[in-house]
Amino acid sequence: MLLGFEELCRKEVIDISTGERLGFIDDIELDIQSGSVRSLIIYGGARLFGIFGRENDSVIACSDIRVVGDDVVLVERSEENKRVKSTKNGRNSFLSLLK
């Protein structure tokens with residue numbers, strides 16, 4: 001199955017081990033040398049309408065993806081992969097400024 005980036009961003013990510021709704025895919029991390037997707041990134045939400053900044057971003061490794069459905073992406077994160085990463089410094093696209 002081939003998906004474009006725009007189609008992928010319309011899918012909601014759900015952790016099947018906890019039932020937690022993680023959010024919608026905002027960005028991807030690519031490995032340029034191998035040409036493969038390394039992880040999916042979900043930007044953190046704004047705290048108090050953005051006055052207090054944003055929460056950290058969720059980074060989901062592609063090895064954690066179990067099912068890609070029509071509307072959702074089901075993931076199963078292990079304890080060490082439940083990391084939250086600050087990727088705010090790396091955001092340099094116009095769309096990332098709006099989120």
Side-chain angles (χ1 to χ4, degrees):
M1 171 199 295
L2 290 175
L3 286 176
F5 180 68
E6 191 174 305
E7 291 174 290
L8 192 62
C9 288
R10 286 189 230 128
K11 297 184 185 296
E12 187 173 19
V13 180
I14 298 175
D15 188 344
I16 59 175
S17 60
T18 62
E20 180 183 5
R21 298 171 73 179
L22 301 174
F24 289 89
I25 299 167
D26 292 308
D27 208 349
I28 55 175
E29 190 174 43
L30 294 172
D31 183 1
I32 300 297
Q33 293 178 343
S34 68
S36 61
V37 176
R38 188 182 294 178
S39 59
L40 306 174
I41 300 173
I42 301 169
Y43 293 154
R47 289 187 269 171
L48 194 63
F49 304 110
I51 295 171
F52 293 112
R54 295 186 154 290
E55 297 173 358
N56 286 332
D57 303 333
S58 297
V59 179
I60 298 145
C62 284
S63 59
D64 293 341
I65 297 172
R66 297 296 171 244
V67 177
V68 177
D70 292 335
D71 299 325
V72 297
V73 176
L74 299 177
V75 297
E76 187 174 12
R77 299 182 298 169
S78 60
E79 287 302 318
E80 68 244 8
N81 287 345
K82 287 187 180 181
R83 65 187 169 113
V84 179
K85 178 178 166 185
S86 178
T87 58
K88 294 178 184 98
N89 295 338
R91 293 185 194 174
N92 42 355
S93 69
F94 177 71
L95 289 176
S96 68
L97 297 174
L98 300 175
K99 295 189 179 217

Flag the pair [X] / [Y] as yes when at least one side-chain heavy-atom distance between them is below 4.5 Å, and no otherwise.
| X | Y | value |
| --- | --- | --- |
| Leu40 | Asp27 | no |
| Val68 | Lys11 | yes |
| Ile25 | Ile41 | no |
| Val13 | Val72 | no |
| Ser39 | Ile60 | no |
| Leu22 | Val75 | yes |
| Arg77 | Asp15 | yes |

Residues two or more places apart in sequence or in another chain: which of them pass side-chain hydrogen bond (donor to acceptor under 3.5 Å, both in side chains) with [X]?
| X | result |
| --- | --- |
| Ser34 | Asp31, Ser36 |
| Arg38 | none |
| Glu6 | Arg10 |

Hydrophobic cluster membership, Val59 vs Ile16, 4.5 Å side-chain cutoff: no
Same apolar cluster (I L V M F W Y, side chains within < 4.5 Å links), Phe24/Ile28: no
Within 6.0 Å of CZ in Arg21, more than 12 heavy atoms from elsewhere: no
Atom pair CG/CD1 of Asn56 and Ile42 - distance to nearest 0.5 Å: 13.5 Å
Sole residue of Leu74, Val37, Val73 in side-chain contact (heavy atoms from CB on, under 4.5 Å) with Ile65: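 Considering Leu74, Val37, Val73, a side-chain contact (heavy atoms from CB on, under 4.5 Å) with Ile65 is found only for Val73.
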Side-chain (Asp57) to main-chain (Gly44) donor-acceptor, under 3.5 angstrom: yes
